Amino acid sequence: MSTQNPAKPLHGRVAVISGASSGIGEASAEHLAALGAKIAVLARRAERLDDLVARIEKNGGTALALAADVTQAEEVQSAADQVEAELGSADLLFNNAGVMLPAPVEELRTDQWRQEIDVNITGLMNVIGAFTPQLVKAAGQRGVADLINTSSVAAQNIFPNFAVYSGTKAYVTHLSRHLRVELGPKNVRVAAIEPGIVGTELQDHVTDQGAQDWLAGSKETMEWLTPEDIAETIGFIATLPPRVNLQQVTIMPTGQPS
Ligand code: NDP
């Protein structure tokens with residue numbers, strides 16, 4: 001430890017990031033790579049991942065693209081096997097893939113409810129299922145590992161017409177608290193990060209006019225967070241001394257009231 005390059009505090013670590021083809025995951029991949037970790041980036045859009053890997057490698061990093069759909073457990077398990085074989089056991093999992101599709105519940109957008117539950121809950125669990133054995137193994141060998149789940153301020157506060165999304169994120173935060181107690185004794189730190197509004201592609205998928213108007217209005221009245229703001233927070237969590245587990249981080253645009 002004492003010989004470690006202070007500019008590369010994650011040197012020797014293997015980080016897996018889901019939802020890495022855009023937004024928060026993409027920025028986090030670049031930041032954790034700059035901090036010295038080997039990076040495996042997972043999402044469905046293979047071309048975006050290949051571009052990201054090329055950028056990381058151009059900057060002297062090591063990266064691996066994993067084209068997989070988190071809702072498909074077998075695809076995620078194959079990706080996990082590939083990480084173990086090519087980079088070694090993952091000791092940092094940023095479990096971040098997600099979708100947000102708000103609409104009044106009376107519109108009965110059951111297709112969108114299902115997609116949110118499939119990606120934000122089932123997908124999140126598929127990733128946890130595939131990588132937890134590696135996290136525990138790595139923590140046993142290296143003394144620390146991190147599981148960081150992306151929740152949202154929607155897990156805490158009330159946003160009309162965001163009920164299903166908010167419910168999925170409340171699941172993520174509560175799950176994380178439980179897993180921290182289970183895995184902490186094995187030196188796996190578990191954290192939930194709860195951002196307020198971050199400017200990413202997340203908002204582009206919103207189809208409900210009311211929610212679109214609300215988001216557009218909020219952009220006029222406050223400066224949204226950037227993906228890099230979240231990436232730096234992930235880097236901060238992962239570089240804390242092994243005895244320190246930042247359990248839950250709510251990170252808001254300064255101008256966002258709730
Ligand atoms: P983006 O839409 O930019 O990124 C979402 C990522 O999730 C993409 O890389 C996408 O990749 C991936 N993804 C979606 N579905 C799947 C799937 N089935 N399998 C694999 N990957 C999938 O949005 P953000 O960066 O904003 O979102 C990241 C996380 O942050 C989400 O969990 C979101 O809920 C959360 N969050 C975002 C906030 C914001 O205001 N932006 C606020 C609070 C939380 P691909 O399409 O290539 O598969």
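Just so you know, ligand 1 is whichever comes first in the structure, and atom 1 is the first atom listed for that ligand. Computed over heavy atoms, backbone and side chain alike; hydrogens, waters and symmetry mates excluded. Fair warning: this is a prediction, and the values are worked out from it, not measured in the lab. Numbers here are sequence positions counted from 1.
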Can you see whether Q77 engages D81 through a side-chain donor-acceptor pair at a distance of less than 3.5 angstrom?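 Checked: Q77/D81 side chains pair up, N/O donor to acceptor below 3.5 Å.
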Protein heavy-atom partner closest to [atom] - residue, atom, separation in Å:
atom	answer
atom 26 (O) of ligand 1	T200 OG1, 2.6 Å
atom 30 (O) of ligand 1	T150 CG2, 3.2 Å
atom 12 (C) of ligand 1	G19 CA, 3.6 Å
atom 11 (O) of ligand 1	S21 OG, 2.8 Å
atom 31 (C) of ligand 1	N96 O, 3.3 Å
atom 41 (N) of ligand 1	V198 O, 2.9 Å

Just how far is it from atom CD of E57 to atom CD1 of I39, taken to the nearest 0.5 Å?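 Spacing of CD (E57) from CD1 (I39) equals 11.5 Å.
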Candidate pair H31 and E228, rule side chain to side chain contact (heavy atoms under 4.5 Å, CB included), full reasoning: CA-CA 8 Å; H31 185 59; E228 290 73 24; over 6 Å; no
Please state whether A68 comes within less than 4.0 angstrom of ligand 1, counting heavy atoms only.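 True for this residue.
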Need the ligand 1 atom indices (1-based, order shown) with element for anything under 4.0 Å from a heavy-atom of [X].
X	value
G196	40 (O), 42 (C), 43 (C)
D69	17 (C), 18 (N), 19 (N)
I197	40 (O)
G23	3 (O), 25 (O)
S151	43 (C), 44 (C)
A20	9 (O)

Using the rule given for salt bridge (charged side-chain N to carboxylate O under 4.0 Å, His left out), can you reason through D146 versus R13, listing the C-alpha separation, both sets of side-chain angles and the distance that settles it, and then say yes or no? CA-CA 10 Å; D146 287 286; R13 297 195 59 178; 2.8 Å; yes
Option whose closest heavy atom lies nearest to [atom], chosen from [options]:
atom	options	answer
atom 13 (N) of ligand 1	A29, A97, A79	A97
atom 2 (O) of ligand 1	L202, I251, N149	L202
atom 17 (C) of ligand 1	Q203, R44, E116, K169	R44
atom 1 (P) of ligand 1	S18, G98, S22, P253	S22
atom 34 (O) of ligand 1	W224, Y165, F94	Y165

